[in-house]
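Owing to the predicted nature of the structure, the values given are computational and were not obtained by experimental measurement. The first residue in the sequence is number 1, and the count goes up from there. All heavy atoms count here, side chains included; hydrogens, waters and symmetry mates do not.
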Amino acid sequence: MTGTPLIINALGQLDNPNAPRSMRAAAELNATSEQFTVDARTLTEARASGLTAVTITLGYVMGELPPYEHTVHEIDVWDGIVDRHPDALLKVTTAADIRTAARDGRVGVVYGFQNAVAVGDDVSRVAEFAERGVRVVQLTYNQANHLGGGSAAPAGTGLTAFGREVVDALNDHHVMVDLSHSGERTCLDAAAHSRVPVSVNHTGCRALTDLPRNKTDDELRLVASRGGFVGIYFMPFLNPTGHARAADVVEHLAHAVDVCGEDHVGIGTDGPVTAIDDLDAYRERLAEHVARRRAAGVSAAGERADTYPFVVDLRGVDQFRELIRLLERRGWSATRIEKIMGRNFLDYAERVWTA
């Protein structure tokens, strides 16, 4: 295809994993935003990759940190990061901001949660978080919370009454309801209950790899049928061996398009642009990290010390161009590729974020 399409990563990171601080954080159970390294390499490579915008994870995900207080602090941290790099980064609160980032050669930063526990029992906090610029809220992580079931929760754990209240509030305040990590029943419940299209910003297809972190065709179909969005990740869960390759990403994208239609699928890599330079040294930190997740009961089925949380042959500054090349080789049209790489997320954002 000629030219570079909009590239919007529905869930990723801005980090240089080779920086000392980030290397230390890689072994920890729950790294905070202050431990990520947004340095010259991070910014240069993100922009060189063609990245237009990325949803980053901030706030409480798991562990012993106070959910609400930690989340408010993390929003402050990211506001500071964006403010320190006005020529490279732009905080995204509207779809128009993504277009501005593309025009200016900056990277749009979408604030997102991977757990809604910070809401506590006070649904009015949704309005507070929306006012602070949060635009994506994932209802659960892998475990059940007071809103519903995660992918590791007992089968049949559905959306709770309070979970329905939170979905209503997210709809009212034009925040994406993200059902990544949710269990099947909670996903189906939330997609059916929401008045506004919902998303699954980073997942795979369970029909291809039968792991709980991947979505069933029923989930994918319902999300798409109601105008939603599904992002395919670059994660080990795309292959039963745990050693996913670029070809697996293509197959899961193709299956998602078959189920959802080409207007409802995109990418949510769940990783940074900057690649890890020393994989041998990283393996030691990864083993420690996986052990801590397992001990804390927050890991997902399929996580192992020998499985990288990324696709080895689809990483680094050329990852998006390589994916485009593979999709072209599959015979996909330039129009379909543009939709998958970013246009579909932008259109979905228009449907949700517009008052």
Side-chain angles (χ1 to χ4, degrees), residues 8-13 54-55 57 112 114 136 138-142 149-153 155 178-188 190-191 198-224 228-262 264-272 290 293 298-304 306-315 319-320 322-323 326-327 330 332 339-341 344-345 348:
I8 304 174
N9 190 353
L11 193 281
Q13 298 172 19
V54 56
T55 301
T57 298
Q114 281 206 64
V136 180
Q138 186 175 291
L139 297 187
T140 72
Y141 194 58
N142 290 328
S151 62
D178 183 4
L179 300 170
S180 306
H181 286 267
S182 71
E184 182 175 9
R185 185 72 262 156
T186 289
C187 180
L188 295 171
V198 299
S199 64
V200 186
N201 281 11
H202 63 300
T203 192
C205 304
R206 200 178 304 181
L208 299 186
T209 307
D210 188 11
L211 288 170
R213 267 293 284 114
N214 295 331
K215 292 301 184 186
T216 64
D217 285 0
D218 286 346
E219 293 171 276
L220 298 174
R221 192 174 293 112
L222 180 59
V223 168
F229 171 85
V230 173
I232 298 299
Y233 47 30
F234 297 4
M235 291 288 282
F237 311 114
L238 299 182
N239 189 293
T241 68
H243 303 292
R245 308 290 291 185
D248 296 306
V249 176
V250 172
E251 291 305 317
H252 281 256
L253 282 168
H255 183 82
V257 167
D258 287 344
V259 173
C260 301
E262 68 175 32
H264 301 281
V265 179
I267 56 171
T269 69
D270 204 7
V290 169
R293 284 175 61 85
V298 299
S299 61
E303 289 184 23
R304 304 193 309 269
D306 68 332
T307 62
Y308 294 127
F310 47 79
V311 175
V312 175
D313 61 341
L314 200 60
R315 61 196 186 99
Q319 61 186 270
F320 303 121
E322 175 63 10
L323 179 58
L326 293 172
L327 296 176
R330 195 178 181 91
W332 284 16
K339 290 179 178 180
I340 300 302
M341 297 307 297
N344 284 342
F345 184 90
Y348 171 64

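Considering only residues two or more places apart in sequence or on other chains, Asp306 meets the salt bridge (charged side-chain N to carboxylate O under 4.0 Å, His left out) condition with Arg304. Residues that satisfy the side-chain contact (heavy atoms from CB on, under 4.5 Å) test with Ser151, not counting sequence neighbours, are Asn142, Pro212, Arg213. Under the side-chain contact (heavy atoms from CB on, under 4.5 Å) criterion, Thr186 pairs with Leu159, Ser182, not counting sequence neighbours. Among residues two or more places apart in sequence or in another chain, the side-chain contact (heavy atoms from CB on, under 4.5 Å) test is passed with Ala247 by none. Checked against salt bridge (charged side-chain N to carboxylate O under 4.0 Å, His left out), Lys339 has the following partners two or more places apart in sequence or in another chain: Glu262, Asp263.
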Test side chain to side chain contact (heavy atoms under 4.5 Å, CB included) applied to His252 and Thr209, step by step: CA-CA 9 Å; His252 281 256; Thr209 307; 3.5 Å; yes
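From Asp258, atom CG reaches atom CG of Leu253 across 11.0 Å, with rounding to the nearest 0.5 Å. Interatomic distance, CG of Asn201 versus CZ of Phe345, reported as 5.5 Å (0.5 Å rounding). With values rounded to the nearest 0.5 angstrom, Phe234 atom CZ is found 13.0 Å from Arg315 atom CZ. Taken from NE2 in His202 to CD in Gln138, the straight-line distance is 5.0 Å, to the nearest 0.5 Å. To the nearest 0.5 Å, atoms CG (Leu139) and CG (Leu179) are separated by 5.5 Å. One distance of note links CE of Met235 with OG1 of Thr307; it measures 8.5 Å at 0.5 Å rounding.
In this structure, Phe229 and Val223 have side chains that are not in contact, with every pair of non-hydrogen atoms separated by 4.5 Å or more. The shortest side-chain heavy-atom distance between Cys187 and Asp218 does not fall under the 4.5 Å cut-off. Put simply, the side chain of Leu238 does not reach to within 4.5 Å of the side chain of Leu208, judged on heavy atoms. By the 4.5 Å heavy-atom criterion applied to side chains, Val250 and Leu323 are counted as neighbours. Using a 4.5 Å heavy-atom threshold, the side chains of Gln13 and Thr269 count as separate. Under the 4.5 Å side-chain criterion, counting only non-hydrogen atoms from C-beta, His264 is not in contact with Leu220.
Every pair passing salt bridge (Lys or Arg N to Asp or Glu O under 4.0 Å) that includes a residue from residues 235-254 is listed here, sequence neighbours excluded: Arg245-Asp313, Glu251-Arg330.
Tested against Ser180 for a side chain to side chain contact (heavy atoms under 4.5 Å, CB included), the candidates Val136, Val200, Asp270, Val230 yield a single pass: Val200.
The two atoms that bring Val311 and Ala244 nearest to each other are CG1-O, 3.6 Å, heavy atoms only. Across all non-hydrogen atoms, the minimal contact from Val198 to Ala190 is CG1-O, 4.2 Å. His255 approaches Asp217 most closely through the heavy-atom pair NE2-OD1, 2.8 Å. Of all heavy-atom pairs spanning Gly271 and Asn9, the tightest one is O-ND2, 4.0 Å.
By the 30° and 60° cut-offs, the orientation of the rings of Tyr233 relative to Phe237 is tilted.
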